[in-house]
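In the text below, chain A, chain B and the rest are named by the order of the sequence lines, each starting its count at 1.
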2 protein chains.
Amino acid sequence: MIDRLDRKILQILQEDATIPVAEIGRRVGLSTTPCWRRIQKLEEDRVITKRVAVLDPKKVNAKVTVFVSITTSQHNEEWLKRFAEVIRDVPEVVEFYRMSGQVDYLLRVVVPDIEAYDLFYKRLISRIDIADVSSAFAMEQIKYATALPLNYIPLEKDKGMA
Amino acid sequence: MIDRLDRKILQILQEDATIPVAEIGRRVGLSTTPCWRRIQKLEEDRVITKRVAVLDPKKVNAKVTVFVSITTSQHNEEWLKRFAEVIRDVPEVVEFYRMSGQVDYLLRVVVPDIEAYDLFYKRLISRIDIADVSSAFAMEQIKYATALPLNYIPLEKDKGMA
DNA sequence: TTTATCGAAGAATAATTTTCCCCATTCAGT
DNA sequence: ACTGAATGGGGAAAATTATTCTTCGATAAA
């Protein structure tokens, strides 16, 4: 599975994927080749799923985040499948969760302003049959991390040392 | 500002930042050098803030997402500043918003399971003075995108064509 | 002790990024 | 209309980085 070295590598790559393999190796105490192979393996194993550029929301006019809580009377598989499919292609919806508790689904929606959200909202409820919707507006994004916590990974015994 | 070509480039890079510049250029109809220069500028201008590796939550034992709604009696700058500082270094908190409406703050917290969440929760309320907390558990992450919608960018007139 | 396995290291090669120099277009000023 | 500066694009060379290949050393089982 994943050992300490892999975890260190992931930690680095989660924060900055532009760092050359040789430098990553140096930081984790490995020469280029084995470090490179580990990264390859992490990609093959789909631990690393992709590498992306992260943009500044303000600079692309995506300043407002809205959390949309959805309750539905429809609880069958078919309905969800269709719902998920519609959402998948809507770029304004950046996150989508099925919840436990009162709310059935939670969306994080990104738009430039309240008017744009209203348009989005009307388009959404016209496309899908939803029982109840409630919107909560974020005034400020204080933290946004793509990096997941790695301290919960069950560690394999370290591999042999040189 | 940003023109159509820049936007196309951003669209590509938001989805996959491993594509070579020459290939990106080909896709947007540009040769390597000017395409490279545009990407450089987007990075200088901090439109692109970073490039990161995205991991599979299941593979790193970060399977449970909890949305934590926080209400506080403290509404002064100092309190928020201290709160934000504490949160910044907690890797389990991947998102943090200041909200309008009933809830003051909203956190997205990532942990392996409910027990781990309980530990996290206890640690949180011991470190910070909070009036009211409510937790909502996500059962399933149906969509998670790091890519922001780009269709709201105010476009500059296209630059001269060769 | 021998052999098989696994990871590491270093050098060679391939691919990609980055730099450098030049050309075309636009536009303001004369 | 001409000139010159500013802006953006292109091709080829140089530099850096990724990838491959081959070898070496440690470990564990027989």
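- Rounded to whole Å, atom C1' of D:dG8 lies 17 Å from atom CZ of B:Arg4.
- Here A:Asn61 contributes atom CG and B:Ile2 contributes atom CD1; the two are 9.5 Å apart, rounded to the nearest 0.5 Å.
- Under a 4.0 Å N-O distance rule, the pair A:Arg82/A:Asp129 does not qualify as a salt bridge.
- A:Arg26 has a carboxylate O that lies under 4.0 Å from a charged side-chain N of A:Glu23, or vice versa, which qualifies the two as a salt bridge.
- For B:Trp36, whose side chain is taken as the heavy atoms from C-beta onward, the closest listed nucleotide among C:dT17, D:dT19, D:dT17 is C:dT17.
- For B:Leu30, counting side-chain heavy atoms from C-beta on, the closest listed nucleotide (C:dT18, C:dA9, D:dG9) is D:dG9.
- If you measure from atom CG of A:Leu5 to atom P of C:dA9, you get 10 Å, rounded to the nearest angstrom.
- One can place CD1 of B:Ile39 at 15 Å from C1' of D:dG9, the figure rounded to the nearest angstrom.
- Taking atom CZ of B:Arg26 as the reference point, atom P of D:dG10 lies 14 Å away to the nearest angstrom.
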Expected rows: protein N/O vs nucleotides 20-22 of chain C N/O, under 3.5 Å:
none

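- Rounded to whole Å, the distance from CD on B:Glu23 to C1' on C:dT16 is 13 Å.
- When each of C:dA8, C:dT18, D:dG9 is scored by its nearest atom to the side-chain atoms of B:Gln40, the top-ranked nucleotide is C:dT18.
- Of all the heavy atoms in B:Ser100 and A:Met139, the pair that sits closest is N-CG, 3.8 Å.
- A distance of 10.0 Å separates CG in A:Leu10 from CD1 in A:Ile24, rounded to the nearest 0.5 Å.
- Taking CD1 from A:Ile114 and CG from A:Leu119, the interatomic distance works out to 12.0 Å, rounded to the nearest 0.5 Å.
- The distance from atom CZ of A:Arg38 to atom C1' of C:dA9 is 14 Å, rounded to the nearest whole Å.
- Taking atom NZ on A:Lys41 and atom P on C:dA8, their separation rounds to 13 Å, with Å as the unit.
- Ring geometry for A:Tyr105 versus A:Trp79: interplanar angle of 30 to 60°, hence tilted.
- Look at CD1 on A:Ile9: it is 13 Å from P on D:dA18, rounded to the nearest Å.
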